[in-house]
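Quick note: numbers below take in every heavy atom, side chains included, and nothing from hydrogens, waters or symmetry partners.
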Amino acid sequence: KQEVTQIPAALSVPEGENLVLNCSFTDSAIYNLQWFRQDPGKGLTSLLLIQSSQREQTSGRLNASLDKSSGRSTLYIAASQPGDSATYLCAVRLGSGNTPLVFGKGTRLSVIA
Amino acid sequence: GAGVSQSPRYKVAKRGQDVALRCDPISGHVSLFWYQQALGQGPEFLTYFQNEAQLDKSGLPSDRFFAERPEGSVSTLKIQRTQQEDSAVYLCASSLANVEQYFGPGTRLTVT
């Protein structure tokens, strides 16, 4: 059974710092990996999607990497801002069909002004 | 707005009551997923539809949970005889075949 683990569970940093969020998964036979942001009381906003054949994706200050063979992904946030405060969720999809996502428990990020 | 919508956004039910949660997917999206997110946890898969066919219901926690999508568009998740452990946020997501899932804002269910 695929399990997704996110470390750390919570993180507090001062504004302006660069930071890395970690995600690991037990079954390397993934179709893709997705990073989401969740604000309190809100749904999920997709940040980056990495296909299994890709090594990384970038969007603005965000960069996500994928090492499928070792079962790891990182989300790098550059020059953090208070508006980045949210819970960040990592999810993997198995198979090539329209299969469900398997999520980690998330990392709760606080960026202090 | 062309996103996934869910209603109600908040629902308080007394233990033993039945509830129905609605999901309106993005128009044209054939696939629809339901997830349950307990407090402090990541979302967990409940069930999946392709058009009106329920192809996977392996995540439904008990036979009190029932989902339908009779016309291949709007879906309803029904929970019978609610229990306190059913308290969670219920998320709906839709997608075209084989691509990214788009999530709704969720329904927060509190069972008292």
Side-chain angles (χ1 to χ4, degrees), chain A residues 1-10 21-26 30-54 57 59 64 73 75 86-109, chain B residues 1 3-11 21 23-26 29-51 53-60 67 88-110:
Chain A
K1 177 187 172 187
Q2 176 75 269
E3 292 183 2
V4 179
T5 302
Q6 291 187 246
I7 295 173
L21 308 182
N22 296 291
C23 171
S24 62
F25 45 95
T26 54
I30 63 169
Y31 181 66
N32 60 35
L33 181 144
Q34 212 165 342
W35 283 94
F36 292 88
R37 169 184 174 138
Q38 187 172 34
D39 293 282
K42 302 290 178 65
L44 307 182
T45 300
S46 180
L47 298 174
L48 291 163
L49 184 150
I50 311 176
Q51 300 293 351
S52 62
S53 58
Q54 297 175 320
Q57 284 285 340
S59 176
S73 175
L75 179 67
T87 296
Y88 291 81
L89 292 159
C90 167
V92 298
R93 172 188 279 181
L94 302 176
S96 58
N98 223 341
T99 52
L101 296 169
V102 180
F103 285 85
K105 293 183 179 182
T107 294
R108 190 170 65 254
L109 173 66
Chain B
V4 178
S5 61
Q6 294 186 244
S7 60
R9 291 293 314 281
Y10 303 92
K11 177 70 178 178
L21 312 180
C23 172
D24 283 81
I26 293 172
H29 279 195
V30 300
S31 298
L32 187 146
F33 298 81
W34 283 99
Y35 295 86
Q36 179 192 58
Q37 186 176 22
L39 189 64
Q41 305 293 313
E44 293 191 354
F45 168 73
L46 294 176
T47 186
Y48 158 56
F49 290 86
Q50 185 167 313
N51 296 306
Q54 189 174 20
L55 299 186
D56 188 346
K57 54 182 180 179
S58 61
L60 296 177
V89 175
Y90 290 85
L91 294 164
C92 174
S94 72
S95 72
L96 294 169
N98 257 9
V99 294
E100 187 174 352
Q101 294 179 24
Y102 294 85
F103 282 79
T107 294
R108 181 177 297 277
L109 172 65
T110 302

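For chain A, no part of Tyr102(B) is nearby; none of its heavy atoms comes within less than 4.5 Å. Contact annotation for Leu49(A): only side-chain heavy atoms (C-beta onward) come within less than 4.5 Å of a heavy atom of chain B. With a threshold of 4.5 angstrom between heavy atoms, Gln6(B) does not approach chain A through any atom at all.
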**Item:** Stepwise side-chain contact (heavy atoms from CB on, under 4.5 Å) test for Val89(B) and Lys42(A)
**Value:** CA-CA 10 Å; Val89(B) 175; Lys42(A) 302 290 178 65; over 6 Å; no
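Contact count versus chain B (heavy atoms, under 4.5 Å) is highest, among Leu44(A), Val102(A), Thr45(A), for Leu44(A).
Atom CZ of Arg108(A) is surrounded by 12 or fewer heavy atoms from other residues, nucleotides or ligands within 6.0 Å.
Using a 4.5 Å heavy-atom threshold, the side chains of Leu46(B) and Pro100(A) count as separate. The shortest distance between side-chain heavy atoms of Glu44(B) and Leu101(A) does not fall below 4.5 Å.
Of all non-hydrogen atoms in Ser46(A) and Glu100(B), the two that sit nearest each other are OG-OE2, 2.8 Å.
Checking Gln34(A) against Gln101(B) by side-chain atom types alone, no donor-acceptor pair falls below 3.5 Å.
You'll find the ring centres of Phe103(A) and Phe45(B) outside the 6.0 Å limit.
Taking CG of Leu89(A) as the start and CD of Gln41(B) as the end, the distance is 11.0 Å to the nearest 0.5 Å.
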